[in-house]
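Below, read A as the first sequence line, B as the second, and so on, with proteins coming before strands; counting in each chain starts at 1. It should be emphasised that the depicted structure is a prediction, and the values quoted were computed from it without experimental measurement.
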Number of protein chains: 2
Amino acid sequence: MKLDEAKQQFVNSWGAFGTQWGINRTMAQIHALLLISTAPLTQDDIMEQLTISRGNVNMNIRDLIGWGLIDRVIVQGERKEYFNADKDIWKVATLIIKERKKRELDPMLKLLATLENLDDKKEKGAKEFLQVVGDIKKLSKHADSLLDIMIKAEENKFIGAVLKIFK
Amino acid sequence: MKLDEAKQQFVNSWGAFGTQWGINRTMAQIHALLLISTAPLTQDDIMEQLTISRGNVNMNIRDLIGWGLIDRVIVQGERKEYFNADKDIWKVATLIIKERKKRELDPMLKLLATLENLDDKKEKGAKEFLQVVGDIKKLSKHADSLLDIMIKAEENKFIGAVLKIFK
DNA sequence: TCGAATTTTCAATAAAAAATGAAAATTTGA
DNA sequence: TCAAATTTTCATTTTTTATTGAAAATTCGA
């Protein structure tokens, strides 16, 4: 396979993958494009490579910066802004997980907490309801600490080694 | 808060949460409704409670069954079919993760593997491209074994205890 | 086997999400 | 400071996704 073709497919499949997880296709594609670019790109570069409008590029770049996935880069003697993606996939993954937790999971957990204040906890069905709500809260705490462990395993060789034993 | 109101909010927020993760809102709502229902429900029950059409209920129930999240239940002396959700949130979570991995992650990894067969691996930019592709593959293997550990920690108290030490 | 009850399908419609492009705002070199 | 270059905004349009509802298919008790 030719490199250009492979890059094209990478960008497309990353876009499709993002879509399945509730991420705007273009946002994912721009991120993919910058991930495999050897140098930072301008908005015009991105418009051209993905054949999308300036407005679309601009809005999605703003979002990607908001997620902390890409950065503005100033190039000496150039008027245009350049954009660069952090290439460390590990960092990218933990960033996305943390960000989605903050934006989507935490607000839901907050709401769930309010649902636990029932007027009458002995009403028929209340027990089952509170059980499910409580279990979801517990599960998300589990997932949280799992993420911590994952991060620590990456930073600390000993923890990583112990985890490997259990695989 | 009244139980009915709390249930309503639970169903709505579960639906909204699902949407953010690329899950059809109605599918998530039906799942939520069945999770907190004290008894299995019929299609008519669901239509009424969510005020949605029969076709919509039917299609999303089919999907939920396909995901393994709900089951048909036969009630003695009743002509109608009833539906029941597995209430074990832990099982629900691991099921969803495994299913999404199978449906969405694995196909992408398969594609990525094909992108590694470049005609010319010394072409400018090939190294960086292969690095990113390789890193994504590595990361997903990591995530896989993490899921295994998570499942084992639940089944095996010793492993769970060791993990707690690292928190 | 018949036929009423129930479920399923899917073309048509509606709703939601994403993209466009031109105008407005901002930036920056001269 | 000015004006060309660049970026940003957002009302409008397009595309995608989800929903409806009625017809067709299926099921099952009598």
Side-chain angles (χ1 to χ4, degrees), chain A residues 11-34 40-67 70-84 100 103-104, chain B residues 11-34 40-67 70-84 100 103-104:
Chain A
V11 168
N12 286 339
S13 75
W14 199 250
F17 187 68
T19 300
Q20 294 182 305
W21 289 78
I23 302 291
N24 177 295
R25 167 175 274 108
T26 302
M27 177 166 148
Q29 285 182 337
I30 293 174
H31 185 224
L33 189 63
L34 290 173
L41 302 179
T42 64
Q43 292 197 172
D44 288 87
D45 294 333
I46 296 167
M47 283 171 67
E48 194 190 344
Q49 295 215 38
L50 301 179
T51 53
I52 55 177
S53 71
R54 183 177 306 285
N56 199 2
V57 170
N58 191 275
M59 291 191 312
N60 283 110
I61 278 184
R62 197 213 289 131
D63 285 349
L64 283 166
I65 291 173
W67 278 73
I70 68 173
D71 283 309
R72 260 174 241 279
V73 173
I74 295 151
V75 173
Q76 268 295 27
E78 285 268 13
R79 178 99 175 237
K80 283 185 179 174
E81 290 176 327
Y82 283 75
F83 298 93
N84 183 55
R100 295 203 78 158
R103 290 171 187 229
E104 297 150 8
Chain B
V11 168
N12 286 339
S13 76
W14 200 251
F17 187 67
T19 301
Q20 292 181 305
W21 288 79
I23 303 291
N24 178 294
R25 167 176 273 108
T26 302
M27 176 167 149
Q29 285 182 337
I30 293 175
H31 185 224
L33 190 63
L34 290 172
L41 302 178
T42 64
Q43 291 198 173
D44 289 270
D45 294 334
I46 296 166
M47 283 170 67
E48 194 189 345
Q49 294 215 40
L50 301 179
T51 53
I52 55 176
S53 71
R54 183 175 306 283
N56 198 1
V57 170
N58 192 275
M59 290 192 313
N60 284 110
I61 277 184
R62 198 213 288 132
D63 286 349
L64 283 166
I65 291 174
W67 278 73
I70 69 174
D71 283 309
R72 262 175 238 279
V73 173
I74 295 152
V75 174
Q76 267 296 26
E78 285 267 13
R79 180 97 178 242
K80 283 185 179 174
E81 290 176 327
Y82 283 74
F83 298 93
N84 183 56
R100 296 202 78 159
R103 292 172 185 228
E104 297 150 8

I'd like a table of donor-acceptor pairs (distance under 3.5 Å, sequence neighbours excluded) in which one partner is a side-chain atom from residues 13-34 of chain B, with atom names and distances.
residue : atom : partner : partner atom : Å
S13(B)  : OG   : Q9(B)   : O            : 3.3
S13(B)  : OG   : F10(B)  : O            : 3.3
T19(B)  : OG1  : G15(B)  : O            : 2.9
W21(B)  : NE1  : E104(A) : OE1          : 3.1
N24(B)  : OD1  : T26(B)  : N            : 2.7
N24(B)  : OD1  : M27(B)  : N            : 3.1

Got a list of side-chain donor-acceptor pairs under 3.5 Å for residues 48-60 of chain B, not counting sequence neighbours?
residue : atom : partner : partner atom : Å
S53(B)  : OG   : N56(B)  : N            : 3.2
R54(B)  : NH2  : D44(B)  : OD1          : 3.1
N58(B)  : ND2  : Q43(B)  : OE1          : 2.9

What does the list of N/O pairs under 3.5 Å between the protein and nucleotides 11-18 of chain C look like, with a distance for each?
none

Between the protein and nucleotides 27-30 of chain C, are there any N/O to N/O pairs under 3.5 Å, and if so, what are the atom names and distances?
residue : atom : partner : partner atom : Å
dT27(C) : O2   : R79(A)  : NH2          : 2.8
dT28(C) : O4'  : R79(A)  : NE           : 3.4
dT28(C) : O2   : R79(A)  : NH2          : 3.2

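Across residues 44-53 of chain A, I52(A), S53(A) each have a non-hydrogen atom less than 4.0 Å from an atom of DNA chain C (numbered order).
From the 5' end on, the contacts that DNA chain D makes with chain A at under 4.0 Å to a non-hydrogen atom open and close at dA4(D) to dC10(D).
Applying the side-chain hydrogen bond (donor to acceptor under 3.5 Å, both in side chains) rule to R62(B) yields no partners; only residues at least two apart in sequence or on another chain are considered. Partners of R79(A) by side-chain contact (heavy atoms from CB on, under 4.5 Å), not counting sequence neighbours: none found. With sequence neighbours excluded, the residues forming a side-chain hydrogen bond (donor to acceptor under 3.5 Å, both in side chains) with D45(B) are T42(B), listed by chain and number.
Looking only at side-chain heavy atoms (C-beta outward), D71(A) and I65(A) stay at 4.5 Å or farther from each other. Side-chain contact between L41(A) and F83(A): absent, with no pair of heavy atoms (C-beta onward) separated by less than 4.5 Å.
As rounded to whole Å, 15 Å separates atom C1' of dT20(C) from atom CD of Q43(A).
Annotation: the terminal axes of the helix from dT1(C)-dA30(D) to dA30(C)-dT1(D) meet at 20°, where each axis is the rotation carrying the C1' atoms of four end pairs onto the next four (5 pairs per end, rounded to 10°).
Scanning both residues, I46(B) and I61(B), for their nearest heavy atoms gives CD1-CD1, 3.8 Å. Here the closest heavy-atom approach between residue Y82(B) and residue E78(B) is recorded as OH-OE2, 3.2 Å.
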